[in-house]
Amino acid sequence: MVPSVRTLLRLLRSPSTTTNQVKQIHAHLLLFHHPSLFQSSLNLFNSLIFAYASSRQPHLSFLLFATQTSLLPPNHLTFQFLLKASSKSKSLLQSSQIHCISTKLGFGSHVFVQNGLLHCYVTCGRLKDARRMFDVMPERDVASFNCMIHGYAESGDMDSASCVFRLAPSPNVVTWTAMVSGYARKGDVHIARRVFEEMPHRDVVSWNAMMSAYVQNRHPVAALGLFRRMQLENLGPSLTTIVGLLLACTGARALDQGKWVHAYLNKKRILLNSYLGSALIDMYCKCGAVELGFQVFTGLVEKNLGVWNAMINGLAINGYSERALELFDEMRMSTTVLPDEVTFVGVLLACSHAGFVEEGRRHFHCTVKECGVRLVLEHYSCMVDLLARCGFLKEAEDIVRYMPIQPDDVVWRALLGGGLVHKDVELAERVVLEIDAHCSGDYVLLSNLYASVGRWNEVERVRRFMKDKRIEKTPGCSSVEIESDSRVHLKR
DNA sequence: ATAGGGTTAG
């Protein structure tokens with residue numbers, strides 16, 4: 001049966017249509033309809049561009065536009081959708097080309113088209129250009145203000161964001177939510193909360209923004225509390241809400257509540273997407289239930305990079321080093337994903353936990369390059385930790401001395417750790433002097449090392465030095481979930 | 001049929 005044009009339009013505009021389905025519809029149109037069908041229906045043409053723009057291969061909408069444009073005069077919607085595609089592909093060149101064509105054809109001053117370009121500038125991080133354009137726009141609607149506010153908020157410039165917010169003639173729920181997540185991103189969770197309480201109307205997205213504000217700023221229990229309040233308001237949770245809930249469970253190490261969320265997803269027959277999948281895997285692994293995490297992993301239909309990373313890291317942090325490295329090999333066989341920086345943090349962590357020096361060196365020096373991944377601080381700290389703890393102190397110190405990026409405290413401390421384990425007092429002294437001396441832990445460690453080799457005079461000297469600088473040893477702190485009581489208790 | 005919220009490391 002040949003589907004009607006009406007059916008096709010509905011499919012093209014549905015957000016749940018996959019990239020492949022869009023391609024099938026496109027092919028279907030070319031095969032079974034008159035080639036000049038698009039001429040009779042700009043609507044269909046635009047919808048196809050929109051569908052490609054919303055898909056995972058937004059560049060295909062440019063291709064379609066380039067091949068069909070001589071047959072069909074585009075309208076402002078065409079450009080609106082093309083700009084959506086170019087902001088998704090983060091190509092400033094593409095965006096300005098589209099803007100040029102739209103201006104030539106007389107659609108350049110259309111508000112939606114201008115907002116599209118504004119959005120492109122913002123997603124490319126060109127805030128100055130965005131502002132220049134915003135200031136001279138002949139007509140601005142609330143979306144123009146929201147775009148600008150979001151841009152400032154994302155870059156952490158909440159002063160400018162609130163300036164634009166005050167200029168906005170009729171801020172809506174989107175405007176307010178952008179302010180909430182802006183303050184959250186900056187770490188001002190209390191201001192975020194105040195703005196959230198002040199806003200005249202809240203929808204699911206606003207609640208999600210506030211929940212994620214708490215999660216980001218390490219207040220998982222507050223996030224769980226907010227979810228309870230959300231349920232009282234009878235606002236149906238979205239998938240993003242569930243992801244936020246899982247992140248809160250992870251942060252609170254609340255395994256039972258996490259299991260409850262998993263059961264809820266099953267009961268509602270919600271198919272796990274990559275966000276839900278990796279959040280679930282991470283939750284189980286961080287709570288120590290690696291087996292359950294692995295069950296989720298194998299059950300996932302679509303495994304994207306985040307899913308693989310969550311599983312590899314989850315195995316690594318729980319000490320299943322061989323299994324993590326096996327999974328990494330499996331990942332490299334797959335044609336759908338390529339490893340990134342995060343993957344290698346997990347790989348090197350696995351090597352370092354198991355003391356696999358040879359394999360660690362190979363990945364650090366070769367595999368990373370083969371995969372086109374750049375080394376970041378976390379890789380150095382794993383590698384230095386591995387080498388130093390296995391007694392290759394010289395090799396570890398050389399890596400720190402000659403690394404192309406500035407080593408941070410974590411890297412130095414990994415080296416110090418090796419010095420402590422192997423009782424290399426000279427190395428430890430050198431390192432402690434290099435580390436920014438405001439962190440007391442290092443002096444305590446050094447004095448413990450002096451004590452363990454019987455150099456009591458030095459122990460006394462370090463202790464006095466710490467006292468003079470008023471450095472205090474901070475007590476450790478851990479948290480547990482007490483059964484059937486979902487509150488989390490701190491324990492000293 | 002514009003604009004705001006979500007996964008993996010630290």
Side-chain angles (χ1 to χ4, degrees), chain A residues 9 12-15 43 46-47 49-51 53-54 76-81 83-84 87 110-120 122-123 141-151 153-154 168 171-182 184-185 199 202-213 215-216 238-247 250 272-283 285-286 300 303-314 316-317 337 339-349 376-379 381-382 408-411:
Chain A
L9 281 176
L12 289 174
R13 291 173 197 181
S14 156
N43 198 0
N46 280 343
S47 297
I49 290 190
F50 171 79
S54 321
H76 67 96
L77 280 174
T78 319
F79 291 108
Q80 192 181 310
F81 299 153
L83 284 169
K84 180 192 173 85
S87 76
H110 197 286
V111 204
F112 282 23
V113 173
Q114 294 223 334
N115 285 348
L117 187 64
L118 198 61
H119 192 232
C120 290
V122 166
T123 50
D141 65 4
V142 65
S144 328
F145 283 87
N146 293 345
C147 231
M148 213 54 239
I149 290 170
H150 178 238
E154 209 178 29
N172 61 11
V173 63
V174 180
T175 328
W176 284 91
T177 307
M179 294 298 286
V180 171
S181 46
R185 173 182 286 265
M199 52 193 291
R202 287 172 282 269
D203 63 8
V204 197
V205 181
S206 334
W207 283 88
N208 292 346
M210 193 60 229
M211 255 181 88
S212 120
V215 172
Q216 280 168 35
S238 68
L239 292 190
T240 305
T241 319
I242 314 276
V243 172
L245 201 50
L246 284 170
L247 296 178
T250 310
L272 300 182
N273 64 20
S274 52
Y275 287 104
L276 284 169
S278 26
L280 261 177
I281 293 171
D282 190 50
M283 184 276 296
C285 291
K286 293 266 166 67
L300 283 179
K303 296 182 177 70
N304 75 356
L305 182 62
V307 171
W308 283 95
N309 285 349
M311 197 63 241
I312 291 174
N313 277 296
I317 59 173
V337 281
D340 71 345
E341 287 87 354
V342 183
T343 321
F344 279 100
V345 175
V347 168
L348 294 173
L349 199 64
V376 295
L377 277 173
E378 284 79 11
H379 301 139
S381 38
C382 282
D408 67 347
D409 289 15
V410 185
V411 176

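Here is how names work: the chains are called A, B, and so on, in the same order as the sequence lines, proteins then strands, and each is numbered from 1. Note that this is a predicted model, so its numbers are computed, not measured.
Look at NE2 on A:H119: it is 5 Å from P on B:dA3, rounded to the nearest Å. Residue A:N115 contributes atom CG, which lies 11 Å from atom P of B:dG4 at whole-angstrom precision. A straight line from CE of A:M283 to C1' of B:dG6 spans 16 Å, rounded to a whole angstrom. Put simply, CE on A:M199 is 13 Å from C1' on B:dA3, counting in whole angstrom units. If you take CZ of A:F344 and C1' of B:dT8, they are 15 Å apart, rounded to a whole angstrom. Separating the CG atom of A:D282 from the C1' atom of B:dG10 is a distance of 13 Å, rounded to the nearest angstrom. Going from atom CZ of A:F79 over to atom C1' of B:dA1 covers 16 Å, rounded to whole Å. A:W308 places its CH2 atom 14 Å from the C1' atom of B:dT8, with the value rounded to the nearest Å.
Using a 4.0 Å heavy-atom cutoff across all strands shown, A:F81 reaches at least one base atom of the nucleic acid. No contact: A:T175 has no heavy atom under 4.0 Å from any strand. As judged by a 4.0 angstrom heavy-atom cut-off over every strand, A:V111 is placed among residues making no nucleic acid contact. Here A:N304 lies in heavy-atom contact (under 4.0 Å) with a base. A:V173 comes within 4.0 angstrom of a nucleotide base, judged by non-hydrogen atoms across all strands. Here A:N273 lies in heavy-atom contact (under 4.0 Å) with a base. Counting non-hydrogen atoms under 4.0 angstrom, A:S381 reaches nothing in the nucleic acid. Using a 4.0 Å heavy-atom criterion, one finds that A:E378 contacts the bases of the nucleic acid, with or without backbone contacts as well.
When distances are taken from the side chain of A:S278 to each of B:dT7, B:dT8, B:dG6, the shortest belongs to B:dT7. With B:dT2, B:dG6, B:dT8 as the choices, the nucleotide that has an atom nearest any side-chain atom of A:A143 turns out to be B:dT2. Distances from the side chain of A:Y275 to the nucleotides B:dG10, B:dT8, B:dT7 place B:dT7 closest. Of the candidates B:dG4, B:dT7, B:dT8, B:dT7 carries the atom nearest the A:S274 side chain, counting heavy atoms from C-beta on. When each of B:dG4, B:dA9, B:dT8 is scored by its nearest atom to the side-chain atoms of A:L247, the top-ranked nucleotide is B:dT8. Comparing atom distances between the A:F112 side chain and each of B:dA9, B:dT2, B:dG4 picks out B:dT2 as nearest. Picking from B:dA9, B:dT8, B:dA1 the nucleotide with the shortest atom distance to the side chain of A:R13 gives B:dA1. In this structure, of B:dT7, B:dA1, B:dG4, it is B:dT7 that holds the atom nearest to the side chain of A:V243. With B:dT8, B:dA1, B:dG4 as the candidates, the nucleotide lying closest to the side chain of A:S47 is B:dA1.
Residues A:M311 and A:C285 meet the side-chain proximity criterion, which asks for heavy atoms closer than 4.5 Å. At a threshold of 4.5 Å between non-hydrogen side-chain atoms, the residues A:L377 and A:V410 do not count as touching.
Side-chain N/O atoms of A:H110 include none lying less than 4.0 angstrom from OP1 or OP2 on B:dA1. OP1 or OP2 of B:dA9 has at least one side-chain nitrogen or oxygen of A:K286 nearer than 4.0 Å. At the phosphate of B:dG6, OP1 or OP2 sits under 4.0 Å from a side-chain N or O atom of A:Q216. Note on A:S212: a side-chain N or O is less than 4.0 Å away from OP1 or OP2 of B:dG6. The shortest distance between the side-chain N/O atoms of A:H150 and the OP1/OP2 oxygens of B:dG4 is below 4.0 Å.
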(request) List the steps and the verdict of side chain to side chain contact (heavy atoms under 4.5 Å, CB included) for A:N309 and A:D340. (result) CA-CA 9 Å; A:N309 285 349; A:D340 71 345; 3.1 Å; yes

(message) As a quick check of understanding, evaluate side chain to side chain contact (heavy atoms under 4.5 Å, CB included) for A:T343 and A:L305, giving each step before the final call.
(response) CA-CA 8 Å; A:T343 321; A:L305 182 62; 4.0 Å; yes

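Scanning atom types as modelled, no donor and acceptor separated by under 3.5 angstrom connect the side chain of A:N172 and the base of B:dG4. Contact annotation: side chain of A:D141 to base of B:dT2, donor-acceptor pair present below 3.5 Å.
Taking each heavy atom of A:I317 and A:G314 in turn, the nearest pair found is CG1-O, 3.4 Å.
Take A:T78 and apply the side-chain hydrogen bond (donor to acceptor under 3.5 Å, both in side chains) test, not counting sequence neighbours, and it matches A:N46, A:N75.
Side-chain polar atoms of A:N115 and A:N146 form no donor-acceptor pair below 3.5 angstrom.
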